[in-house]
Amino acid sequence: AHSCPTLSPQELEEARRWEGARDVRPLDGNVRRWGGLLLPNKPPYNTGAFRFELTFSPNHPLEPPCATLRTPIYHPSVDLEGRVCQPLTTHVHWEPSTRAIQVLQDLLLQLDSPDPQRVLRPDVARQLKERPEEFQRRAEEHARLHAEPRPDP
């Protein structure tokens, strides 16, 4: 038997039952790549749904997974490629006991509360700090144009 722990089916089940996301499933039958829709709770993003991808390392859970957003979003912590500044999944903070659902919950929390300290887009972070109303307006408009329709509860 190989000792390399893999993702347990329970982790996927847990993520599928969580109300913060929909449609969570392995992509192309690959258990190391999940996709789904995140449903932010707060403006300016709560008008839409955002498709995410979560990729697990072959060394999971010793190495953190990597979350990317496939839906464009106007957010200081998400760059134009959809990469997310997520401290939880950096090598410094990663704990092998962290479950996949915690990574998704953390990601949703970040979307719900943009933090100008976690910056991948300095211009957006500056706008959030100095002109919050303008940031809200741009982010709302952007979500209207790019986000996917929210699925029915």
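On a predicted model such as this, the values are computed, not experimentally measured, just so you know.
- Checked against a 6.0 Å centroid threshold, the rings of Phe52 and Trp34 do not count as neighbours.
- To the nearest 0.5 Å, atom OG1 of residue Thr71 and atom CD of residue Glu148 are 4.5 Å apart.
- In this structure, the side chains of Arg126 and Val119 stay at 4.5 Å or more apart for every pair of heavy atoms.
- Distance check: Arg25 CZ to Arg33 CZ gives 11.0 Å after rounding to the nearest 0.5 Å.
- Atom CG of Leu128 is separated from atom CD of Gln117 by 10.0 Å, given to the nearest 0.5 angstrom.
- Looking at every heavy atom in both residues, Ala49 comes nearest to Leu39 through CB-CD2, 3.6 Å.
- Here the closest heavy-atom approach between residue Glu81 and residue Arg70 is recorded as O-NH1, 4.4 Å.
- Tracing side-chain contacts under 4.5 Å through hydrophobic residues (I, L, V, M, F, W, Y), one reaches Val84 starting from Trp94; they form part of the same cluster.
- Taking CG of Leu37 as the start and CZ of Arg22 as the end, the distance is 9.0 Å to the nearest 0.5 Å.
- Electrostatic pairing of Arg17 and Glu13 counts as a salt bridge here, judged by a charged N lying under 4.0 Å from a carboxylate O.
- Side-chain atoms of Arg99 do not come within 3.5 Å of backbone N or O of Ala15 as any donor-acceptor pair.
- With hydrogens and angles disregarded, a donor-acceptor distance shorter than 3.5 Å links the side chain of Glu11 to the backbone of Ala100.
- When all heavy atoms of Leu62 and Pro96 are compared, the pair lying nearest together is CD2-CG, 4.3 Å.
- Val124 and His75 get closest at one heavy-atom pair: CG1-C, 3.8 Å.
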Practice task
I would like to know whether Arg137 and Glu141 meet salt bridge (Lys or Arg N to Asp or Glu O under 4.0 Å); could you show each step before the answer?
Solution key: CA-CA 6 Å; Arg137 207 172 50 245; Glu141 179 65 14; over 6 Å; no
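- A distance of 8.0 Å separates CZ in Arg121 from CG in Asp79, rounded to the nearest 0.5 Å.
- Under a 3.5 Å cut-off, the side chain of Ser77 and the backbone N or O of Arg118 do form a donor-acceptor pair.
- The residue from His142, Gln127, Glu140 that alone fulfils the side-chain hydrogen bond (donor to acceptor under 3.5 Å, both in side chains) condition with Tyr74 is Gln127.
- Classification of the His60-Phe56 ring pair by plane angle, with boundaries at 30° and 60°, yields perpendicular.
- Going from atom CD of Gln86 over to atom CG of Leu120 covers 11.0 Å, rounded to the nearest 0.5 Å.
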